[in-house]
Amino acid sequence: MDKLVKNAIDSIEVGVEDFQSDDARRDLSAVRNVYAGVLLLCKAVLWKRSLSTDGSLIFVRFEPKIAKGGDIEWEADKRKTVDVADIKSRFKLLGIKFDWKKLDEFGKHRNNIEHLYLTSTNEAVKAALADAMPLITTIMTNLLYLQPENEFTPECWNALLQNAEIQEAIKKECEASYVDISWDSEEVYFPSEHFSCTSCGSNLLRQKDETNTKPSHIEFACKGCGENDMELGEVMEVALAIATEGDAYLAVKDGGDPPLAACPECGLDTFIRDIAECVVCEGSIPGSCIVCGAGISPEEYDVDYPNLCGYHAYQAQKVD
């Protein structure tokens with residue numbers, strides 16, 4: 001386990017050195033190294049919880065072996081270690097509670113930086129490292145019983161702390177710009193925590209006009225890279241998808257309606273069912289059919305027969 005922890009710390013420290021470098025080409029390396037370090041810390045937890053001293057829980061497969069006396073023993077196949085999905089599964093098996101949402105967010109930052117060719121990756125790196133801080137602290141303090149400030153070099157730990165504090169302060173400033181937004185939905189929360197810049201990936205987006213109260217009139221400005229010409233729909237659609245992914249999964253599983261639907265007017269998945277309105281274009285549909293009184297869903301809404309349910313709109317089409 002000690003070697004895993006050392007490798008994790010080394011990886012994170014190298015990542016921070018990459019982050020502090022003036023060479024922009026090392027931005028991606030910074031996130032890769034810190035992310036790898038966090039996963040190594042997770043593996044160290046599994047090693048610590050293994051029944052034997054061989055850290056068997058960090059390996060994916062086990063193979064039967066004939067022991068002395070003819071008994072069958074299970075031996076870890078050490079050619080492959082666990083990935084993120086395996087780590088989650090084994091933490092759950094061991095009853096270890098962990099905030100996977102933070103690790104998933106960190107992973108998304110890493111993927112965005114690596115695959116979306118962002119124009120200002122340093123700002124996305126700052127956000128990713130800020131996401132890494134609570135992960136590092138929780139794993140080391142609560143699961144490995146180590147004090148991170150004693151394990152990392154002062155330069156590395158202070159850089160992580162300072163970056164996290166700066167990011168948190170700016171994030172609070174951005175959140176404050178939305179305080180007057182009127183959000184009518186009771187089923188879907190206002191997704192400001194998931195807003196991210198379409199140019200640099202930073203989650204430090206503020207509203208340019210802080211007196212604005214309408215979601216559909218929001219204009220974004222990025223505190224990370226300075227971008228101030230973003231499409232509301234592009235930002236809001238992604239943020240709402242993240243905010244409702246849990247409810248959407250349950251809806252599919254249980255056979256209900258997901259909280260979001262494609263807007264019949266603008267086509268974006270920003271139509272919220274419980275308010276029957278799109279929060280981007282303000283498109284809405286009538287509450288019920290004028291013939292039978294049945295509710296009209298966004299999926300069956302017909303612009304040519306706006307006051308009819310799907311069945312009666314079909315009947316009207318046949319007559320026409």
Side-chain angles (χ1 to χ4, degrees), residues 100-101 104-105 108 174-198 203 205-221 229-320:
W100 297 113
K101 183 179 177 181
D104 292 340
E105 285 291 330
K108 287 177 183 177
C174 292
E175 287 289 342
S177 72
Y178 304 108
V179 70
D180 290 329
I181 289 293
S182 177
W183 189 258
D184 297 327
S185 177
E186 295 182 358
E187 294 183 3
V188 179
Y189 63 86
F190 183 60
S192 57
E193 66 185 85
H194 304 300
F195 291 157
S196 61
C197 178
T198 55
N203 61 357
L205 292 192
R206 65 175 179 85
Q207 181 178 205
K208 286 196 275 188
D209 179 8
E210 297 187 10
T211 65
N212 170 53
T213 61
K214 289 189 173 185
S216 59
H217 290 182
I218 293 175
E219 294 182 335
F220 296 109
D229 186 22
M230 284 172 267
E231 291 290 335
L232 169 62
E234 190 175 356
V235 175
M236 186 68 77
E237 187 175 38
V238 173
L240 283 172
I242 297 172
T244 60
E245 58 187 357
D247 290 333
Y249 169 76
L250 290 176
V252 172
K253 179 182 176 183
D254 300 334
D257 290 325
L260 302 178
C263 174
E265 298 291 336
C266 68
L268 296 174
D269 289 331
T270 49
F271 186 95
I272 302 180
R273 290 183 191 275
D274 74 320
I275 59 173
E277 183 177 299
C278 174
V279 293
V280 169
C281 73
E282 297 186 1
S284 61
I285 59 177
S288 59
C289 175
I290 59 174
V291 176
C292 66
I296 302 175
S297 72
E299 289 82 4
E300 65 180 349
Y301 177 75
D302 190 324
V303 293
D304 295 325
Y305 305 95
N307 296 306
L308 299 178
C309 66
Y311 173 76
H312 285 106
Y314 174 69
Q315 295 298 322
Q317 286 175 342
K318 291 199 298 183
V319 172
D320 293 345

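Bear in mind the structure is a predicted one, so any value in this text is a computation, not a measurement.
Between F190 atom CZ and E175 atom CD the span is 8.0 Å, to the nearest 0.5 Å. Atoms CG and OG1, on L260 and T244 in that order, are 4.0 Å from each other to the nearest 0.5 Å. To the nearest 0.5 Å, atoms CD (E186) and CD1 (I272) are separated by 12.0 Å. Remark: D209 CG to R206 CZ distance equals 10.0 Å, nearest 0.5 Å. Going from atom CG of N307 over to atom SG of C289 covers 8.5 Å, rounded to the nearest 0.5 Å.
A 4.5 Å side-chain heavy-atom check between L308 and D302 finds every atom pair outside the cut-off. D257 is not listed as a side-chain neighbour of S297, based on a closest heavy-atom distance of 4.5 Å or more. Looking only at side-chain heavy atoms (C-beta outward), C197 and L205 come within less than 4.5 Å of each other. Counting heavy atoms from C-beta on, the side chains of N212 and I218 come closer than 4.5 Å. With a 4.5 Å cut-off on side-chain heavy atoms, E282 and E265 do not count as touching. Looking at heavy atoms from C-beta onward, S185 lies out of side-chain contact with E277 at the 4.5 angstrom threshold. Side-chain atoms of S177 and E210, non-hydrogen and from C-beta on, do get closer than 4.5 Å to each other. Inter-residue side-chain proximity for C278 and L268 is flagged as unmet; no heavy-atom pair is nearer than 4.5 Å.
Between the side chain of D274 and the backbone N or O of E187 there is at least one donor-acceptor pair closer than 3.5 Å. Distance alone, capped at 3.5 Å, is enough to place a donor-acceptor pair between the E237 side chain and the D269 backbone. Distance alone, capped at 3.5 Å, places no donor-acceptor pair between the W183 side chain and the P191 backbone.
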Is there a side-chain contact (heavy atoms from CB on, under 4.5 Å) between K108 and I242? Walk through the geometry before answering. CA-CA 11 Å; K108 287 177 183 177; I242 297 172; 4.2 Å; yes

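Annotation for P264 and Y301: closest pair CB-CD2, 3.5 Å, computed over non-hydrogen atoms. Heavy atoms only, all atoms of each residue included: C292 and C309 are closest at SG-SG, 3.8 Å. In this structure, A261 and P298 approach most closely via the heavy-atom pair CB-CG, 3.5 Å. When every heavy atom of G283 is checked against every heavy atom of F271, the shortest pair comes out as O-CE1, 3.8 Å. Nearest heavy-atom pair across P259 and V188 is CB-CG2, 3.8 Å.
Within a 6.0 Å radius of CD in E299, other residues, nucleotides and ligands contribute more than 12 heavy atoms.
The aromatic rings of H194 and Y189 are tilted relative to each other, their planes meeting at an angle between 30° and 60°.
For the residue pair E234/T198, the side-chain donor-acceptor check at 3.5 Å is not satisfied.
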